[in-house]
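All remarks here apply to the structure that follows.
This one's a predicted model, so the numbers in the text were calculated from it and none came from an experiment. Note that ligands are numbered from 1 as they come in the structure, with each ligand's atoms numbered from 1 the same way.
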Amino acid sequence: MDMIFCPLYSGSSGNALFVQYGSTRLLIDAGKSGKMIDEALDMIGVDPATLDAILITHEHTDHICGAGVMCRKHKLPIYATAATWEAMDDKLGRIPEGCRRTFDTFADFYLGDIGVVPFSIPHDAADPVGYRLWGGNVSISTATDLGHFPRTVRDAVAGSSLVLLESNHDPDMLRMNGHYSYKLKQRILSNHGHLSNDACADALLQLVDNGTQHVILGHLSGENNTPSLARQVSESRMIREGIRLGEDLHLDMAYRDRVGSVYTLEAGA
Ligand SMILES: [Zn+2]
Ligand SMILES: [Zn+2]
């Protein structure tokens with residue numbers, strides 16, 4: 001059986017990731033309109049009515065704004081920690097009976113055929129988590145919305161077959177941005193904000209050291225980064241460290257406003 005992953009949308013303007021293994025189909029986050037998420041699923045040949053659940057990372061709008069609609073339209077249970085539910089409840093609208101599911105950050109669980117391992121991330125939200133999802137002997141991890149890349153996150157994702165890693169901003173572009181308030185800039189740059197391109201390259205090196213060979217850069221800022229800059233910072237750092245791109249490491253991008261590639265990982269049963 002194969003494990004399938006597609007970043008439908010990834011960026012500060014909205015996030016929704018598709019994961020499939022066996023007969024189970026999940027979304028991680030639903031931070032675009034329900035219509036846009038349905039359209040993205042259609043584009044990769046997935047009928048939205050066949051989804052089984054939505055896993056939420058944290059309550060920021062770019063991760064939940066379509067969750068209520070998707071839940072009501074497709075009768076999808078939403079999984080989040082109790083603290084995240086409390087923080088997002090009034091933003092989702094009515095949640096049908098039975099669709100409100102909670103889990104503990106430090107307890108693994110199964111959702112159908114997929115093994116779910118949540119882990120804490122350093123971000124300015126109530127109880128933010130990343131996920132490592134297992135299908136057979138392969139796993140896919142998300143590590144976005146992080147102010148820094150602590151050892152706990154490194155250990156949680158170590159050896160994943162595929163990682164979606166945040167490369168949010170270029171600090172100079174952010175500092176010079178005339179649209180952002182001082183407070184917002186400080187929030188993004190803080191220990192509980194977002195990973196800069198350089199911090200991403202540091203984290204990437206640790207992922208490669210721990211056996212990951214495929215990484216997708218995502219959650220880019222629209223105003224304070226460009227895909228080519230994010231890629232260039234990570235690639236040049238890897239080359240300096242003697243890591244062979246395309247051999248030791250396959251590096252891809254996830255996009256803010258268009259559907260990313262569909263990744264198929266061969267998994268043992
Ligand atoms: Zn976000
Ligand atoms: Zn966030």
Side-chain angles (χ1 to χ4, degrees), residues 6-19 27-34 36-37 40 54-68 70 78-81 83-92 105 118-131 140-150 152-153 156-157 163-171 173-174 177 179-181 183-197 199-200 203 215-227 230 253-260:
C6 178
L8 303 173
Y9 301 102
S10 180
S12 48
S13 54
N15 297 274
L17 313 171
F18 172 75
V19 183
L27 288 181
I28 298 178
D29 291 331
K32 284 277 191 186
S33 71
M36 287 184 76
I37 295 170
I54 306 172
L55 293 167
I56 300 291
T57 58
H58 64 294
E59 72 276 16
H60 290 161
T61 309
D62 59 318
H63 297 262
I64 64 160
C65 69
M70 292 295 288
I78 298 177
Y79 288 76
T81 69
T84 296
W85 266 115
E86 204 178 311
M88 72 179 178
D89 224 347
D90 60 348
K91 301 176 193 161
L92 296 187
T105 310
F119 54 90
S120 252
I121 54 170
H123 191 52
D124 54 355
D127 187 14
V129 298
Y131 291 104
I140 291 166
S141 295
T142 63
T144 71
D145 301 76
L146 310 146
H148 61 289
F149 191 76
T152 48
V153 173
V157 305
V163 177
L164 175 69
L165 178 65
E166 171 165 60
S167 193
N168 181 257
H169 60 274
D170 173 79
M173 284 174 77
L174 174 62
N177 187 320
H179 301 132
Y180 282 33
S181 68
K183 204 174 154 199
L184 179 56
K185 291 179 185 181
Q186 291 309 111
R187 184 183 87 70
I188 294 169
L189 290 166
S190 81
N191 236 4
H192 286 73
H194 292 277
L195 285 187
S196 69
N197 292 339
C200 170
V215 176
I216 305 168
L217 304 184
H219 208 295
L220 270 65
S221 164
E223 292 200 36
N224 308 312
N225 209 355
T226 66
M253 303 297 295
Y255 305 102
R256 295 165 50 80
D257 44 18
R258 67 183 165 94
V259 177

ask   = What angle, to the nearest 10°, do the atoms OD2 (D145) and ND1 (H60) form about the Zn ion (ligand 2)?
value =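 Approximately 170° at the metal, rounded to tens of degrees.
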H58 backbone or side-chain N/O/S under 2.8 Å from the Zn ion (ligand 2) = yes
ask   = From H219, does some N, O or S atom reach closer than 2.8 Å to the Zn ion (ligand 1)?
value =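 H219 does place an N, O or S atom closer than 2.8 Å to the Zn ion (ligand 1).
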inquiry  = Looking only at side-chain N and O atoms, does N15 offer a donor or acceptor that is under 3.5 Å from a partner on D29?
reply    =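 Side chains of D29 and N15: no pair found under 3.5 Å.
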query = Strictly by modelled atom types, are S167 and N197 linked by a side-chain donor-acceptor pair under 3.5 Å?
reply =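 A pair is found: one side chain offers a donor N or O, the other an acceptor, under 3.5 Å apart.
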ask   = What orientation do H148 and H192 show, parallel under 30°, tilted 30 to 60°, or perpendicular over 60°?
value =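 Geometry flag for H192 against H148: perpendicular rings.
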request  = Of all N, O or S atoms in D62, identify the one at the shortest distance from the Zn ion (ligand 1).
outcome  = OD2
message = Can you confirm whether more than 12 heavy atoms, excluding those of E86, are under 6.0 Å from its CD atom?
response = no
